[in-house]
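Take a look at the structure set out below.
Both ligands and their constituent atoms are indexed starting at 1 by order of listing. If you read the sequence from its start, that first residue is 1, and numbering goes on from there. For clarity, every value in this text was computed on a predicted model and none was experimentally measured.
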Amino acid sequence: MKAHRIALLAACAMAASLSLAQTPAKLKIGLMLPYTGTYAALGIAIENGFRLFVAEKDGKLAGREIEFVKVDDESDPSKATDNVNKLVKRDNVDVLVGSVHSGVAMAMAKVAKDTGTILIVPNAGADIVTGAMCAPNIFRSSFSNWQPAYAMGEVAAKKGARRAVTLTHKYAAGDESVKGFREAFEKGGGQIVKDLNLPFPGVEFQALLTEIAALKPDAVYVFFAGGAAVKFVKDYAAAGLKKSIPLYGAGFLTDGTLDAQGADADGLITALHYADSLGTPRDNAFRLAYAKTYKLQPDVYAVQGYDAAQMLGIGLTAAKGDITKKAEFTAALEKARIDSPRGSFMLSKAHNPVQDIYLRQVTGKENKVVNVAIKALADPARGCKM
Ligand code: BEZ
């Protein structure tokens, strides 16, 4: 009887250790996003999108369960290097996902490049990340700052605007957005009469709006997102400028913000790689699943988070769940077509989406598609040697 019980216990222990041996360790994802400040809603939407894709795969990517190590980066570049080093060196994350703010993403890209850690950027558009800093282990599921801005510049010139004023937060994303707009606008015969800016994340727009009114341009181009975009659109209307000077923007101006902007956003025209009314079966399914899960409408940030998870899944599957097999991971993504709600896309040689940029107009609390401003637009990836 006693011997029988010992044999049974030994068999149980063996079975338990076998099943342990067959269960791969969880994949540790360092999720570095803003959860406070002007970009907080963007960070939350990215995480929601990411988690939705993982949930659709029964909580696993390439057979591995996921564990998140989360950091609120506060959209503060001065804390970014410390934050990302802690994730890589203290928490030993397998992969980095982040961030929203271009300055933070540049610090992440530097650490990723130095340590060889896989990085997927689910928003920040810093041109340099898929430009001079490009690397085999760095990918972006979102856009470069140049992409929507260039498309908007081309459209503004075609609409007949000749003299434009630009306005943005003074940091990499705003500067590069204005540069992209200028490039296409000048090519189309337009001229920028003044570049205005204010420090990030300030929202004291009054003096700038007074200056715009005095300059009387044909159009204003802005880069603002999140809480600042809400306030700017409201202030532009309250200053009486909406009636007299067309306001154009990279689409972040009206994405994820329309409930708060209300009628002040009606009619605004922007360019972006997503819109609320694509109406494709893929996007409809995504929007329905997102709305059911979070009781919220998705936005471009949710799509980028969802696609970051898809990209991780593709790379990891090719690497048979082993994130250290970086050559396999990279080769798979370089030839993948990513089945995004925005429309399927492939990555450029520099690992940035080559994607359609939609011209959208705000109608009834939606960014409705007017047309495709530029099809399959690839970032020029200036300075990328890969
Ligand atoms: C950026 O810093 O790159 C960024 C922030 C918010 C929206 C879009 C871009």
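- Counting atoms of ligand 1 from 1 in the listed order, those under 4.0 Å from a heavy atom of N145 are 3 (O).
- Of the heavy atoms in F143, only side-chain atoms (C-beta onward) come closer than 4.0 Å to ligand 1.
- Applying the ring-ring contact (aromatic ring centres under 6.0 Å, His included) test between F224 and each of F232, Y39, Y171 identifies F232 as the sole match.
- Protein heavy atom in closest approach to atom 4 (C) of ligand 1: V100 O, 3.4 Å.
- The atoms of ligand 1 that sit less than 4.0 Å from any heavy atom of Y171 are 1 (C), 2 (O), 4 (C), 5 (C).
- The local environment of NZ in K179 is sparse, with at most 12 non-hydrogen atoms from other residues, nucleotides or ligands closer than 6.0 Å.
- Neither the backbone nor the side chain of F224 has any atom closer than 4.0 Å to an atom of ligand 1 (non-hydrogen atoms only).
- In the vicinity of N123, heavy-atom distances shorter than 4.0 Å reach the ligand 1 atoms 4 (C), 5 (C), 6 (C), 7 (C), 8 (C), 9 (C).
- Taking the six-membered ring for Trp and the full ring otherwise, F185 and Y248 have centroids separated by 6.0 Å or more.
- On a distance-only criterion, G125 and ligand 1 share at least one N/O pair closer than 3.5 Å.
- Counting the atoms of ligand 1 from 1 in the order shown, those under 4.0 Å from a heavy atom of F223 are 4 (C), 8 (C), 9 (C).
- Against a heavy-atom cut-off of under 4.0 Å, A225 is close to the following atoms of ligand 1: 6 (C), 7 (C).
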Are D264 and K242 close enough, and set up right, to give a salt bridge (charged side-chain N to carboxylate O under 4.0 Å, His left out), and what steps lead you there? CA-CA 8 Å; D264 291 339; K242 190 173 169 222; 5.9 Å; no

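- Taking every non-hydrogen atom of H101 and a distance limit under 4.0 Å, the qualifying atoms of ligand 1 come out as 2 (O).
- Separation of the F200 and H101 ring centroids falls under the 6.0 Å cut-off.
- The contact set between ligand 1 and S102, taken as ligand atoms under 4.0 Å from a residue heavy atom, comprises 1 (C), 2 (O), 3 (O).
- Enclosure of atom NZ in K110 is not indicated, since only 12 or fewer non-hydrogen atoms of other residues, nucleotides or ligands lie within 6.0 angstrom.
- Within ligand 1, counting atoms from 1 as listed, the ones closer than 4.0 Å to a heavy atom of A173 are 1 (C), 2 (O), 3 (O).
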